[in-house]
Amino acid sequence: MTIAVIKYNAGNIHSLCTALTRLGVEGVVTDDEHFIRRADKVIFPGVGEASSAMAYLRNVRLDKLLPSLTQPFLGICLGLQLMCSYSEENDTQCLGVFEEMVKKFPPQDKVPHIGWNSLRQLKSPLFEGVKTGDYVYFVHGYYAASGPHTIAHADYILPFSAALQKDNFYATQFHPEKSGKVGEQILQNFLNL
């Protein structure tokens with residue numbers, strides 16, 4: 001199985017590749033359009049800032065390629081946010097896979113949201129073997145509101161989309177690669193799609 005891990009100068013790629021290795025597959029970190037098109041699965045991870053990440057994607061023309069892919073595709077954290085239509089982070093137009101808008105958490109609690117939080121209202125093959133109330137690991141100051149593509153919810157200050165899905169596109173706001181056995185199950189479920 002060929003796994004393309006999108007390179008776009010966003011952090012946290014090493015821990016994802018390590019998690020994939022534990023599952024018996026190798027992720028190839030790349031921004032090569034031809035390799036990405038031919039890959040069996042595509043993972044779009046990231047920790048970083050929306051506008052500079054989108055600038056890099058536009059510069060290497062991945063902004064047009066990624067939304068057109070037809071194989072199973074998983075965005076993680078910043079990857080989820082960039083798959084939405086717009087982010088308030090530096091007024092950024094994003095990829096538009098999902099119609100949801102990404103907003104900044106209101107400053108009435110500690111922001112960013114860092115740490116373990118529970119999932120609820122799970123509805124996707126991505127969560128096979130995962131139960132409502134299972135904990136996953138989050139690090140984010142921005143969130144996608146609940147909408148028609150929400151397949152899991154979480155609460156921090158307010159309810160938000162912990163995961164989204166539309167057709168072959170899946171995305172998690174949390175980091176499955178840092179979420180222990182639950183995250184490993186979710187990554188395995190993605191590989192099984």
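Residue numbers run from 1 in the order of the sequence given.
- In this structure, Cys84 and Lys103 have side chains that are not in contact, with every pair of non-hydrogen atoms separated by 4.5 Å or more.
- Smallest separation of non-hydrogen atoms from Val29 and Cys17: CG2-SG, 3.8 Å.
- For Arg58, there are no salt bridge (charged side-chain N to carboxylate O under 4.0 Å, His left out) partners, not counting sequence neighbours.
- For the atom pair Met1 CE and Leu20 CG, the distance stands at 10.0 Å (nearest 0.5 Å).
- Considering only residues two or more places apart in sequence or on other chains, Arg38 meets the salt bridge (charged side-chain N to carboxylate O under 4.0 Å, His left out) condition with none of them.
- Annotation: side chain of Leu187 is in contact with side chain of Leu74 (closest heavy-atom distance under 4.5 Å).
- Cluster membership for Tyr8 and Phe169, using ILVMFWY side-chain heavy atoms within less than 4.5 angstrom, is shared.
- Side chains of Gln81 and Ser87: a donor-acceptor N/O pair is absent below 3.5 angstrom, by distance only.
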Problem set entry | Candidate pair Ser85 and Met101, rule side-chain contact (heavy atoms from CB on, under 4.5 Å), full reasoning | CA-CA 6 Å; Ser85 59; Met101 308 272 280; 3.8 Å; yes

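- Side-chain N or O atoms of Asp31 include none that pairs as donor or acceptor with a backbone N or O of Leu62 at under 3.5 Å.
- Taking every heavy atom of both residues into account, Ile157 and Pro106 meet most closely at CD1-O, 3.4 Å.
- In this structure, Glu100 and Pro148 have side chains that are in contact, with non-hydrogen atoms separated by less than 4.5 Å.
- With sequence neighbours excluded, the residues that form a salt bridge (charged side-chain N to carboxylate O under 4.0 Å, His left out) with Glu184 are Arg22, Lys181.
- In terms of hydrophobic clustering, with Ile, Leu, Val, Met, Phe, Trp and Tyr side chains grouped at heavy-atom distances under 4.5 Å, Leu164 and Leu193 are assigned to different clusters.
- Judged as a salt bridge (charged side-chain N to carboxylate O under 4.0 Å, His left out), and not counting sequence neighbours, Asp63 has no contacts.
- Between the CZ atom in Phe73 and the CZ atom in Phe190 there is a gap of 8.5 Å [rounded to 0.5 Å].
- Here salt bridge (charged side-chain N to carboxylate O under 4.0 Å, His left out) pairs that include residues 160-177, with residues two or more places apart or in two chains, are Glu99-Lys166.
- Atom CG of Leu57 and atom CG of Leu82 lie 6.5 Å apart (nearest 0.5 Å).
- Residue pairs meeting the ring pair (Phe, Tyr, Trp, His ring centres under 6.0 Å) criterion with at least one member in residues 74-101, sequence neighbours excluded: Phe98-His149.
- Connection of Tyr170 to Ile43 is established within a shared hydrophobic cluster, with ILVMFWY side chains joined at heavy-atom distances below 4.5 Å, either directly or through further cluster members.
- What you find for Gly75 and Met83 is that their closest heavy atoms are CA-SD, 3.7 Å.
- Between the CD atom in Gln173 and the OG1 atom in Thr150 there is a gap of 11.5 Å [rounded to 0.5 Å].
- With hydrogens and angles ignored, the 3.5 Å screen pairs a side-chain donor or acceptor of Thr172 with a backbone N or O of Phe174.
- Contact record, Ala154 with Ser118: CB-O, 3.7 Å, taken as the closest heavy-atom pair.
- The environment of Lys7 atom NZ is sparse: at most 12 non-hydrogen atoms of other residues, nucleotides or ligands sit within 6.0 angstrom.
- Leu16 and Phe44 end up in different hydrophobic clusters when Ile, Leu, Val, Met, Phe, Trp and Tyr side chains are linked at under 4.5 Å.
- Residue pairs satisfying the salt bridge (charged side-chain N to carboxylate O under 4.0 Å, His left out) criterion with at least one member in residues 128-151, sequence neighbours excluded, are listed as follows: Lys131-Asp134.
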Problem set entry | Test log, rule side-chain contact (heavy atoms from CB on, under 4.5 Å), inputs Val60 and Leu65 | CA-CA 10 Å; Val60 296; Leu65 172 68; over 6 Å; no

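- Its side chain within the 4.5 Å cluster rule, Phe35 clusters with Val28 among the Ile, Leu, Val, Met, Phe, Trp and Tyr residues.
- Annotation: side-chain hydrogen bond (donor to acceptor under 3.5 Å, both in side chains) contacts of Tyr142 (sequence neighbours excluded): none.
- Two rings, from Tyr156 and Phe138, have their centers 6.0 Å or more apart.
- Remark: the backbone N or O of Glu26 is not paired with any side-chain donor or acceptor of Thr21 at under 3.5 angstrom.
- Here the side chains of Cys94 and Val102 are not in contact, with every heavy-atom distance at 4.5 Å or above.
- Note that the CG atom of Leu191 and the CD1 atom of Ile186 stand 12.0 Å from one another [nearest 0.5 Å].
- Between Ser179 atom OG and Leu119 atom CG the span is 8.0 Å, to the nearest 0.5 Å.
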Run the side-chain donor-acceptor check on residues 45-53: report pairs under 3.5 Å with partners two or more places apart or on a different chain.
| residue | atom | partner | partner atom | Å |
| --- | --- | --- | --- | --- |
| Glu49 | OE1 | Ser51 | OG | 3.1 |
| Glu49 | OE1 | Ser52 | N | 2.8 |
| Glu49 | OE1 | Ser52 | OG | 2.7 |
| Glu49 | OE2 | Ser51 | N | 2.8 |
| Glu49 | OE2 | Ser51 | OG | 2.4 |
| Glu49 | OE2 | Asn90 | ND2 | 2.6 |
| Ser52 | OG | Glu49 | O | 3.4 |

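- When hydrophobic clusters are built by joining Ile, Leu, Val, Met, Phe, Trp and Tyr residues whose side-chain heavy atoms come closer than 4.5 Å, directly or via intermediates, Val130 is not grouped with Leu80.
- For Gln71 (side chain) and Val42 (main-chain N/O), no donor-acceptor pair under 3.5 Å exists by modelled atom type.
- When all heavy atoms of Ala152 and Leu122 are compared, the closest pair comes out as CB-CD2, 3.6 Å.
- The salt bridge (charged side-chain N to carboxylate O under 4.0 Å, His left out) analysis of residues 11-20, with sequence neighbours excluded, yields no pairs.
- Ile114 belongs to a hydrophobic cluster with Trp116, Tyr135, Tyr137, Val139, counting contacts under 4.5 Å between side-chain heavy atoms of Ile, Leu, Val, Met, Phe, Trp and Tyr, direct or through other members.
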For this session: Starting from the C-alpha separation in whole Å, work towards a yes-or-no answer on side-chain contact (heavy atoms from CB on, under 4.5 Å) for Tyr143 and His113.
Result: CA-CA 10 Å; Tyr143 69 94; His113 170 211; over 6 Å; no

Problem set entry | Derivation and outcome, side-chain contact (heavy atoms from CB on, under 4.5 Å), residues Met54 and Leu95 | CA-CA 8 Å; Met54 279 304 303; Leu95 297 172; 3.9 Å; yes

